[in-house]
Amino acid sequence: MVKNSFILVISQEKKEENPGSVEFQVFNFTNKIRRLTSHLELHRKDYLSQRGLRKILGKRQRLLSYLSKINGIRYKKLINQLDIRESQTR
(Lines give C-alpha, C1' and ligand atoms only; values in the text may rest on other atoms or scores of the structure.)
Protein backbone atom coordinates (compact mmCIF):
# COMPACT_ATOMS: atom_id res chain seq x y z
CA MET A 1 0.00 0.00 0.00
CA VAL A 2 2.86 2.38 0.75
CA LYS A 3 4.49 1.77 -2.62
CA ASN A 4 1.19 2.37 -4.40
CA SER A 5 0.79 5.76 -2.75
CA PHE A 6 4.43 6.54 -3.61
CA ILE A 7 3.77 5.79 -7.27
CA LEU A 8 0.74 8.05 -7.23
CA VAL A 9 2.44 10.90 -5.38
CA ILE A 10 5.98 11.03 -6.72
CA SER A 11 6.31 9.44 -10.12
CA GLN A 12 3.12 10.25 -11.95
CA GLU A 13 4.98 11.34 -15.07
CA LYS A 14 7.90 8.89 -14.84
CA LYS A 15 5.91 5.63 -14.51
CA GLU A 16 8.85 4.02 -12.69
CA GLU A 17 10.16 4.14 -9.16
CA ASN A 18 13.74 4.66 -8.11
CA PRO A 19 14.30 3.57 -4.50
CA GLY A 20 17.59 5.49 -4.38
CA SER A 21 16.09 8.84 -5.28
CA VAL A 22 15.93 11.55 -2.66
CA GLU A 23 12.16 11.85 -3.05
CA PHE A 24 11.63 8.14 -2.40
CA GLN A 25 13.86 8.20 0.67
CA VAL A 26 12.13 11.28 2.11
CA PHE A 27 8.76 9.64 1.43
CA ASN A 28 9.81 6.49 3.33
CA PHE A 29 11.21 8.51 6.24
CA THR A 30 7.97 10.52 6.40
CA ASN A 31 5.91 7.33 6.64
CA LYS A 32 8.18 6.00 9.40
CA ILE A 33 7.92 9.31 11.26
CA ARG A 34 4.14 9.26 11.11
CA ARG A 35 4.02 5.64 12.33
CA LEU A 36 6.41 6.36 15.22
CA THR A 37 4.51 9.51 16.17
CA SER A 38 1.24 7.60 16.47
CA HIS A 39 3.05 4.88 18.47
CA LEU A 40 4.50 7.47 20.86
CA GLU A 41 1.08 8.97 21.49
CA LEU A 42 0.12 5.67 23.12
CA HIS A 43 3.49 4.84 24.70
CA ARG A 44 4.86 8.09 26.05
CA LYS A 45 7.77 6.55 27.96
CA ASP A 46 9.19 4.51 25.08
CA TYR A 47 12.52 6.30 25.05
CA LEU A 48 14.16 4.01 22.49
CA SER A 49 11.44 4.83 19.98
CA GLN A 50 11.88 8.52 20.78
CA ARG A 51 15.57 8.20 19.98
CA GLY A 52 14.79 6.38 16.73
CA LEU A 53 12.32 9.12 15.79
CA ARG A 54 14.93 11.82 16.38
CA LYS A 55 17.45 9.93 14.24
CA ILE A 56 14.97 9.54 11.37
CA LEU A 57 14.01 13.22 11.65
CA GLY A 58 17.68 14.18 11.34
CA LYS A 59 18.20 11.95 8.30
CA ARG A 60 15.12 13.39 6.59
CA GLN A 61 16.24 16.93 7.41
CA ARG A 62 19.69 16.31 5.88
CA LEU A 63 18.12 14.86 2.71
CA LEU A 64 15.74 17.81 2.43
CA SER A 65 18.55 20.34 2.85
CA TYR A 66 20.56 18.49 0.18
CA LEU A 67 17.58 18.57 -2.18
CA SER A 68 16.96 22.26 -1.56
CA LYS A 69 20.58 23.07 -2.44
CA ILE A 70 20.56 20.90 -5.58
CA ASN A 71 17.09 21.64 -6.97
CA GLY A 72 14.77 24.09 -5.23
CA ILE A 73 11.80 23.35 -7.49
CA ARG A 74 11.82 19.62 -6.68
CA TYR A 75 12.21 20.52 -2.99
CA LYS A 76 9.16 22.82 -2.97
CA LYS A 77 7.10 20.26 -4.90
CA LEU A 78 8.02 17.47 -2.48
CA ILE A 79 7.31 19.61 0.59
CA ASN A 80 3.87 20.47 -0.75
CA GLN A 81 3.01 16.89 -1.75
CA LEU A 82 4.01 15.36 1.58
CA ASP A 83 2.53 18.24 3.61
CA ILE A 84 5.75 18.89 5.52
CA ARG A 85 6.71 22.22 7.03
CA GLU A 86 9.61 23.98 5.37
CA SER A 87 12.77 23.88 7.46
CA GLN A 88 14.05 26.94 9.25
CA THR A 89 17.58 27.82 8.16
CA ARG A 90 20.08 28.66 10.86
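One-based numbering along the sequence shown.
Counting heavy atoms from C-beta on, the side chains of Asp46 and Leu48 come closer than 4.5 Å. Side-chain contact between Arg60 and Leu57: present, with at least one pair of heavy atoms (C-beta onward) separated by less than 4.5 Å. Residues His39 and Arg35 are not in side-chain contact: their nearest non-hydrogen atoms beyond the backbone lie 4.5 Å or more apart. Within the 4.5 Å cutoff, the side chain of Leu67 has no heavy atoms near those of the Val26 side chain. Residues His43 and Ser49 fail the side-chain proximity criterion, which asks for heavy atoms closer than 4.5 Å.
Considering every non-hydrogen atom in both Gly52 and Leu36, the closest pair reads C-CD1, 4.3 Å. The two residues Phe27 and Leu82 have their closest heavy-atom pair at CD1-CD2, 3.5 Å.
Atoms OG and CZ, from Ser68 and Arg74 in turn, are 11.5 Å apart once rounded to the nearest 0.5 Å. Note that OH of Tyr66 and CD of Gln25 are 10.0 Å apart. Values are rounded to the nearest 0.5 Å. With values rounded to the nearest 0.5 angstrom, Gln61 atom CD is found 9.0 Å from Ile84 atom CD1. Note that the CG atom of Asn80 and the OH atom of Tyr75 stand 10.0 Å from one another [nearest 0.5 Å]. Remark: Arg44 CZ to Gln50 CD distance equals 10.0 Å, nearest 0.5 Å. Atom OH of Tyr47 sits about 11.0 Å away from atom CG of Leu40, to the nearest 0.5 Å.
Using a 3.5 Å distance cut-off with no hydrogens or angles, the side chains of Ser21 and Asn18 do not pair a donor with an acceptor.
Under the 4.5 Å side-chain heavy-atom criterion for ILVMFWY residues, a single connected hydrophobic cluster contains both Ile70 and Leu78.
For Lys77 and Glu23, the salt-bridge test fails: no basic side-chain N is under 4.0 Å from an acidic carboxylate O.
In this structure a side-chain-to-backbone donor-acceptor pair under 3.5 Å is missing from Glu86 to Ile79.
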